[in-house]
Amino acid sequence: MAKEEENYYGKHGEPRKFDPTFRGPIHNRQCTDVLCCVLFIVIILGYIVLGIVAWVHGDPRKVVYPTDSNGQFCGQQGTSNENKTILFYFNILKCASPIVLINLQCPTTQLCVSKCPDRFATYLDMQSAHRYNKSYWEYYKQFCKPGFNSPRKYLAQVLRDEDCPSMIVPSRPFLQRCFPDFTTKNGVLTVANKTTFKDGRNKLRNVTDLREAANGINHVLEAREVGMKIFEDYANSWYWILGGLFVAMVISLFFLLLLRFTAGILLWLIIIGVIGVIGYGIWHCYWEYRSLKGRPGADLTVSDIGFQTDFRVYLQLSQTWLAFMITLCIIEVIIILMLIFLRKRIRIAIALLKEGSKAIGHMMSTLFYPIITFILIAICISYWAVTAVFLASSGEPVYKVMAYQPTCIYANRTCDPDTFNTTDVTKKCPGAQCTFTFYGGESLYHKYIFILQICNIFVFLWLVNFVIALGQCTLAGAFASYYWAFRKPADIPACPLFSSFGRAIRYHTGSLAFGSLILAIVQIIRIILEYLDHKLKGAENKCAKFLLCCLKCCFWCLERFLKFLNRNAYIMIAIYGKNFCTSAREAFFLLMRNVVRVAVLDKVTDFLLFLGKLLIAGGVGVLAFFFFTHTIPIIEQESLTLNYYWVPLLTVIFGSYLIAHGFFSVYAMCVDTLFLCFCEDLERNDGSPAKPYFMSAGLHRILGKKELTPKKSMG
């Protein structure tokens with residue numbers, strides 16, 4: 001392509017006119033996408049109204065506290081259940097699974113009690129023992145309905161009226177509900193050290209019969225035990241975790257400061273460091289594998305021992321370390337091959353990073369902008385979560401007929417517990433009860449709670465995307481001010497970050513809301529597709545599954561593309577102040593005209609920054625590993641005794657990565673902005689005295705253009 005065509009090729013093919021007065025982000029702007037701005041404000045006001053309505057109708061106690069068959073909270077202050085904080089099920093054998101129990105839909109009477117049963121007993125046994133010892137009834141009646149005091153009433157009548165449970169089994173509270181106290185001895189399931197028990201009709205049954213009613217309780221209780229140990233580890237090591245995260249923040253900040261002066265050296269050190277860390281991991285895994293080889297019990301496979309709550313058991317298997325070693329070897333080979341084939345492009349990326357480090361050096365406040373983004377997103381998440389809880393707990397108690405005969409025509413119909421005994425239901429369906437099932441209502445508000453929950457999620461996604469867009473546009477405006485300053489740093493405007501933030505809020509709220517809306521629509525569609533996929537897991541329709549899988553893949557790709565396009569559109573909005581559609585179109589065609597540079601510089605830069613985040617997280621993680629495992633003798637006395645050392649270790653590693661990502665995201669936005677400005681600079685100018693380039697001489701030279709005519713001094 002000819003020189004003139006390359007420098008002046010417009011967005012649609014027309015020659016681009018040189019503007020001698022253009023000096024970066026335009027200050028005389030007009031409001032863009034006003035209609036979307038108005039819609040966004042109306043939606044926010046509506047979201048506030050939704051929260052107020054949810055708070056008025058909702059009651060979080062309905063989520064926190066269990067509810068008995070009369071719709072009363074267990075443990076509620078000022079009621080007869082004030083000291084009865086645990087929910088007891090009359091006949092747990094009628095409950096299909098723990099999910100049914102937790103959702104309060106078990107077809108048996110539910111009663112608030114102060115403690116769970118601690119022994120096996122039946123109503124018939126109690127009646128027999130009551131003749132000689134009144135204490136048997138005193139213990140048993142605490143699990144009967146309040147006011148019932150007829151221990152000689154016939155069992156058939158008691159079961160018909162649901163006055164008392166036909167049997168009680170040793171239980172312990174979990175999620176404020178009484179579950180059978182399952183234990184395992186020598187691989188045999190027991191309850192209170194017994195393998196058999198008598199049901200309400202004195203029939204001998206095996207403890208395994210309770211398993212069907214409480215399917216998976218063992219795993220739930222083991223998970224609870226693990227959770228308690230994890231909580232204990234956090235309570236004992238939280239200050240060390242905070243210390244590790246502070247170290248990660250200092251290292252990240254120090255690393256970015258060094259990039260300004262030693263970008264090339266540091267980035268090559270990153271590459272060598274990552275390769276070295278992974279290499280050490282390979283050696284350590286091999287050493288552990290070799291030391292365990294041949295040791296008794298170490299040759300077992302993971303499938304042989306099954307799931308264990310103590311994860312240290314897996315570290316005693318040679319197969320575990322072999323899998324770790326193979327995984328690290330694959331990662332090492334991939335990184336080395338990428339570095340070999342991209343070694344020339346890495347030098348170009350380093351030059352772009354050096355220019356970015358200069359820009360950040362003149363605007364250090366940009367490094368701390370992610371804190372504002374984090375606070376705003378935290379507010380959005382908190383508001384969404386609270387509103388969702390209040391919506392879920394909205395409504396009045398709904399009672400339905402619980403019938404044990406499948407032929408009962410009144411089953412699952414709504415009923416009134418005050419008048420239920422006067423109806424014909426109990427006559428036509430013996431044993432049927434009017435039982436509390438859930439909270440709801442017949443009003444317009446209660447009928448559309450599910451729709452309101454979807455609206456809550458959608459507006460939440462819109463707000464989060466808007467906050468991210470605001471941060472990107474703000475940073476882009478600040479970094480564009482640096483690039484388009486003819487004499488750096490003399491021509492950089494004062495307070496560029498604050499000025500850019502003000503322009504974005506004042507003029508471009510509508511454009512940012514427009515881009516965020518499009519992304520939120522795609523995301524809510526993806527959520528709906530995931531919901532449908534979950535519902536179709538048990539379906540046999542292969543065609544529907546395939547179609548759903550294709551849709552999920554397409555919308556995932558669409559979301560990734562929109563995020564990339566929006567990011568560059570916000571850069572153009574920050575520079576020129578045009579509406580979203582125009583900015584997105586110009587950014588897209590500008591990138592397409594420089595597609596090779598985009599593919600090489602942008603992605604290689606992202607890869608190098610990822611290696612930096614990996615090195616920081618890995619380095620801090622190695623130090624944390626040595627500390628929490630007492631490997632370093634100097635600090636061994638300061639180390640803690642933990643149940644699972646991987647709990648604070650993984651927290652430090654993950655938190656360090658997030659902190660490094662926050663700082664490096666500013667750097668990535670800086671590089672993207674400078675690259676887009678560079679492409680725009682090449683098309684606007686040709687390096688002549690009449691149309692000089694705005695880029696630095698070093699960047700211009702490395703990217704393969706002719707030398708600049710002598711002009712500005714570069715800071």
Side-chain angles (χ1 to χ4, degrees), residues 32-33 35-44 46-47 50 373 376-377 379-381 383-385 387-388 450-476 504 508-537 544-574 578-592 598 602-603 606 661 665 668-669 672 676:
T32 56
D33 296 306
L35 183 61
C36 194
C37 179
V38 174
L39 176 63
F40 185 60
I41 295 175
V42 170
I43 291 297
I44 291 179
Y47 197 33
L50 173 62
T373 301
L376 293 177
I377 291 179
I379 293 174
C380 293
I381 293 175
Y383 188 90
W384 164 77
T387 303
F450 181 73
I451 303 298
L452 294 178
Q453 286 282 23
I454 294 179
C455 294
N456 183 30
I457 297 176
F458 175 73
V459 180
F460 163 72
L461 294 174
W462 193 358
L463 289 175
V464 169
N465 287 320
F466 176 82
V467 170
I468 296 174
L470 177 62
Q472 292 175 345
C473 188
T474 299
L475 292 174
H508 307 303
T509 297
S511 297
L512 300 180
F514 190 14
S516 305
L517 174 62
I518 297 174
L519 194 56
I521 292 174
V522 174
Q523 290 172 340
I524 196 66
I525 293 175
R526 288 194 62 200
I527 292 176
I528 294 174
L529 290 176
E530 291 292 341
Y531 174 78
L532 294 176
D533 183 48
H534 177 73
K535 289 294 184 181
L536 291 176
K537 276 187 176 179
K545 288 184 177 181
F546 174 76
L547 179 61
L548 193 60
C549 182
C550 292
L551 288 174
K552 288 170 59 179
C553 180
C554 292
F555 277 96
W556 179 84
C557 295
L558 179 60
E559 181 182 358
R560 299 284 295 182
F561 172 75
L562 287 176
K563 285 183 177 180
F564 174 77
L565 182 62
N566 285 7
R567 182 183 180 93
N568 289 279
Y570 299 146
I571 296 175
M572 300 299 284
I573 291 173
K578 298 180 181 180
N579 61 48
F580 175 79
C581 292
T582 302
S583 299
R585 183 177 63 247
E586 291 185 355
F588 177 76
F589 284 109
L590 180 62
L591 293 173
M592 289 301 100
V598 172
D602 187 60
K603 295 308 174 185
D606 288 344
H661 175 74
S665 64
M669 194 67 199
D672 289 347
L676 212 62

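Sequence positions, counted from 1, serve as the residue numbers for this chain.
- Residues Ile377 and Ile468 meet the side-chain proximity criterion, which asks for heavy atoms closer than 4.5 Å.
- Residues satisfying the side chain to side chain contact (heavy atoms under 4.5 Å, CB included) criterion with Ile379, sequence neighbours excluded, are Ile375.
- Atom SG of residue Cys36 and atom CD1 of residue Ile518 lie 8.0 Å apart, to the nearest 0.5 angstrom.
- Between Leu591 and Phe564, the closest side-chain pair of non-hydrogen atoms falls below 4.5 Å.
- No side-chain donor-acceptor contact under 3.5 Å links Gln472 to the backbone of Ile571.
- Residues Leu517 and Phe458 meet the side-chain proximity criterion, which asks for heavy atoms closer than 4.5 Å.
- By the side chain to side chain contact (heavy atoms under 4.5 Å, CB included) test, Ile44 is found to be paired with Phe40, Ile48, Leu463, residues two or more places apart in sequence or in another chain being considered.
- Every side chain to side chain donor-acceptor pair (under 3.5 Å) that Asp33 has, sequence neighbours left out, goes to Ser511.
- Using a 4.5 Å heavy-atom threshold, the side chains of Phe460 and Ile381 count as touching.
- The environment of CZ in Phe588 is sparse: at most 12 heavy-atom neighbours from other residues, nucleotides or ligands sit within 6.0 Å.
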Do any side-chain atoms of residues 519-531 form donor-acceptor pairs under 3.5 angstrom with protein atoms, and if so which ones, sequence neighbours left out?
| from | atom 1 | to | atom 2 | distance (Å) |
| --- | --- | --- | --- | --- |
| Gln523 | OE1 | Asn465 | ND2 | 2.9 |
| Gln523 | NE2 | Glu559 | OE2 | 3.1 |
| Arg526 | NH1 | Glu559 | OE1 | 2.5 |

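- Residues passing the salt bridge (charged side-chain N to carboxylate O under 4.0 Å, His left out) test with Asp672 are Arg567, sequence neighbours excluded.
- Here the closest non-hydrogen pair linking Ser583 and Ile573 is OG-CG1, 3.2 Å.
- At least one side-chain heavy atom of Cys581 sits less than 4.5 Å from a side-chain heavy atom of Phe514.
- With sequence neighbours excluded, the residues forming a side chain to side chain contact (heavy atoms under 4.5 Å, CB included) with Ile451 are Tyr448, Cys455, listed by chain and number.
- Partners of Tyr47 under the ring pair (Phe, Tyr, Trp, His ring centres under 6.0 Å) rule, at least two apart in sequence or in another chain, are Tyr383.
- Summarising the geometry of Thr373 relative to Gly471, their closest heavy-atom pair is OG1-CA, 4.4 Å, with the distance given to 0.1 Å.
- For the side chain to side chain contact (heavy atoms under 4.5 Å, CB included) test, residues two or more places apart in sequence or in another chain that qualify with Ala504 are Leu470, Cys473, Thr474, Leu512.
- Within the 4.5 Å cutoff, no side-chain heavy atoms of Lys578 are placed close to those of Thr32.
- For the atom pair CG (Leu562) and SG (Cys557), the distance works out to 11.0 Å, reported to the nearest 0.5 Å.
- We find the CG-CD1 distance between Leu452 and Ile457 to be 11.5 Å, quoted to the nearest 0.5 Å.
- A distance of 8.5 Å separates OG of Ser516 from CZ of Phe580, quoted to the nearest 0.5 Å.
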